[in-house]
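Side chains are part of it too, since the values below use all heavy atoms of this structure and drop only hydrogens, waters and symmetry mates. Indexing begins at 1, ligand by ligand and atom by atom, following the structure's order. None of the values given here were measured: they were computed from a predicted structure.
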Amino acid sequence: MTLESAIPPHLQQERTQPSKLPQNYDPPFPAFSARFPKDVKDIVMVTIGAQHVDRKPSTDASALPHIIRFLSQGPEKYHPTYWEPASVTDNSGAYNEVIICYWHSAAQYQSWATHSGFEAWWQGLDPVAEAHGWFLEIFFPSVERFETLFSNDQATEGAAYMKTDISGPISEHVYWGSMRDRLPISQTDALPGTNEGAKSKHRTGAAAPLKKRTRVEGKKNLAVIRSGQDWSKTNPHERKLYLDTMHPVLITGMDFLRDQGNEVGCFSCRFMDVLDRESLQSGTEKTFGYAYFDDLASLEGWSKQHKTHLDIFGRFLQYAKELQGDVSLRLFHEVLVLEPQQQFFEYVGCHPKTGMLAGV
Ligand code: HEM
């Protein structure tokens with residue numbers, strides 16, 4: 001099989017940081033990376049969320065439609081390229097529902113925020129008057145600080161809706177350190193962070209909402225991962241195997257990061273159900289883990305050394321073996337490593353363990 005680098009030619013440069021790619025490496029199964037147009041210099045990923053401490057998902061129908069209406073307001077050229085609804089009940093028992101949206105550039109996002117009326121609405125929110133919490137988390141990675149990995153060359157997820165192409169099979173995967181090797185910035189930057197994840201609040205139990213607006217400053221080289229699973233294309237045999245054997249170990253890993261993530265430098269982890277775009281209900285057979293780590297080394301450390309990801313990883317290899325390689329489960333992830341000014345976090349009337357508030 002001919003392999004190519006996950007880093008496209010126009011982003012390759014002489015390394016001052018070593019790669020972990022083994023010599024003459026031949027990965028045991030193929031994986032692919034999204035290829036973005038050369039003129040894409042930065043990407044914008046925005047999570048707009050509503051938090052309900054004391055309401056059931058089924059009784060709450062207005063928050064997401066309210067956000068979705070903004071997405072199609074203002075000139076069409078500024079609308080997001082892709083958006084997806086998702087939800088999670090967190091470890092305080094609060095129901096969080098979000099729209100994750102993607103734009104091609106910071107300028108396009110800013111134009112949308114102004115012309116759609118979203119920015120004015122957001123700034124006008126009164127945490128005391130609102131019936132529930134709202135949160136806004138924005139990432140502006142330059143393309144050098146962003147990487148994607150797909151188990152399938154047909155799949156499109158997240159920022160990959162903005163791709164022009166998908167790579168051929170890539171070299172940099174299934175060895176520890178391959179995520180770093182796929183990030184163009186890692187050719188010349190070791191990407192050290194802050195070690196502040198250890199101080200974040202991961203305890204379980206109810207937490208009362210703070211009736212105020214809180215902005216959280218960006219962290220040096222914050223590492224963000226959105227790691228998705230799609231079992232909607234599996235046949236009944238594989239679906240059962242997934243739900244009986246993979247899904248439970250994945251939940252254990254996500255619960256660990258959510259409840260004790262401070263032990264491994266994780267500020268926040270949400271294991272989210274993707275909702276149907278029309279009905280805004282669950283049942284899509286798609287989930288993703290969405291986690292913020294204090295740096296890439298902490299994320300690498302959890303995935304390589306912690307029992308909970310080793311169990312996920314090991315179970316997957318066994319799963320593929322049991323299916324004799326005929327796997328229809330689709331996996332993808334996108335990883336961002338961000339400079340402080342490439343992050344924006346604001347929480348209006350949310351409880352203190354929400355997202356990056358957990359690190360304050
Ligand atoms: C790497 C399996 C969920 C974090 C990997 C790899 C596999 C794997 C096979 C090696 C990938 C490659 O390079 O080709 C799985 C499966 C999952 C899952 C089957 C779910 C069913 C997650 C989640 C997270 C995560 C939810 C984080 C929130 C990572 C990281 C790496 C990795 C950071 C890269 C390690 C490195 O390259 O140094 N996982 N994983 N995984 N996984 Fe998972």
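A donor-acceptor contact under 3.5 angstrom links the side chains of Ser298 and Asp295, judged on distance only. Using modelled atom types and a 3.5 Å distance limit, the side chains of Glu97 and Gln51 yield no donor-acceptor pair. Between the side chains of Glu147 and His333, at least one donor N or O sits under 3.5 Å from an acceptor N or O. In summary, the side chains of Tyr25 and Gln23 do not present any donor paired with an acceptor at a separation below 3.5 Å, with no hydrogens or angles considered.
Within the 4.0 Å heavy-atom criterion, both parts of Trp176, backbone and side chain, lie near ligand 1. With a heavy-atom cut-off of 4.0 Å, Ser303 touches ligand 1 through its side chain alone. Contacts of Leu149 with ligand 1, taken as heavy-atom pairs under 4.0 Å, involve the side chain alone. In Met246, the part holding a heavy atom less than 4.0 Å from any atom of ligand 1 is the side chain. Residue contacts with ligand 1 for Leu329 are absent, since no atom lies close enough (heavy atoms, distance under 4.0 Å). With a 4.0 Å heavy-atom cut-off, ligand 1 is reached by the side chain of Arg182 but not by its N, CA, C or O. The proximity of Trp302 to ligand 1, defined as any non-hydrogen pair under 4.0 Å, is limited to the side chain.
Both Tyr347 and Tyr290 are assigned to one and the same hydrophobic cluster, defined by single-linkage of ILVMFWY side chains at heavy-atom distances under 4.5 Å.
Ligand 1 has no N or O atom lying under 3.5 Å from any N or O atom of Ile312, backbone or side chain. Between Met179 and ligand 1, at least one N/O pair is under 3.5 Å apart. Ligand 1 has no N or O atom lying under 3.5 Å from any N or O atom of Glu172, backbone or side chain. At under 3.5 Å, not a single nitrogen or oxygen of Leu250, backbone or side chain, sits near a nitrogen or oxygen of ligand 1. The shortest N/O to N/O separation between His309 and ligand 1 falls below 3.5 Å.
Listed by atom number, the atoms of ligand 1 under 4.0 Å from Phe316 heavy atoms are 9 (C), 19 (C). Of all atoms in ligand 1, numbered sequentially from 1 with element shown, those under 4.0 Å from a heavy atom of Leu299 are 33 (C). Of all atoms in ligand 1, numbered sequentially from 1 with element shown, those under 4.0 Å from a heavy atom of Ile225 are 4 (C), 27 (C), 28 (C), 33 (C).
The aromatic ring centroids of Phe140 and Trp103 lie 6.0 Å or more from each other. Note: Tyr109 and Tyr102 fail the aromatic proximity criterion, with ring centroids not under 6.0 Å apart. Note: Phe332 and Phe32 fail the aromatic proximity criterion, with ring centroids not under 6.0 Å apart. When ring centroids are compared, His66 and Phe70 come within the 6.0 Å threshold. Ring centers of Phe29 and His173: under 6.0 Å apart, within the cut-off.
In terms of protein heavy-atom proximity, atom 13 (O) of ligand 1 is closest to Val174 N, 2.6 Å. What sits closest to atom 7 (C) of ligand 1 on the protein, heavy atoms only, is Phe313 CD1, 3.4 Å. Counting protein heavy atoms only, atom 38 (O) of ligand 1 is closest to Gly177 N, 2.8 Å. Protein heavy atom in closest approach to atom 3 (C) of ligand 1: Ser227 OG, 3.5 Å. The closest protein non-hydrogen atom to atom 14 (O) of ligand 1 is His173 ND1, 2.8 Å.
Under a 4.0 angstrom heavy-atom cut-off, Met254 registers as being in contact with ligand 1. Assignment of Tyr175 to the shell around ligand 1 is supported, since a heavy atom sits closer than 4.0 Å. The closest approach between Gln229 and ligand 1 falls below 4.0 Å for a heavy atom of the residue.
Inter-residue side-chain proximity for Met254 and Leu250 is flagged as met; some heavy-atom pair is nearer than 4.5 Å.
In this structure, His52 and His132 have tilted ring planes: the angle between them lies in the 30° to 60° band. Using the six-membered ring where Trp is involved, Tyr319 and Phe316 have ring planes that are parallel, under 30° apart on the 30 and 60° scheme.
Going from atom CD of Gln123 over to atom CH2 of Trp121 covers 11.5 Å, rounded to the nearest 0.5 Å.
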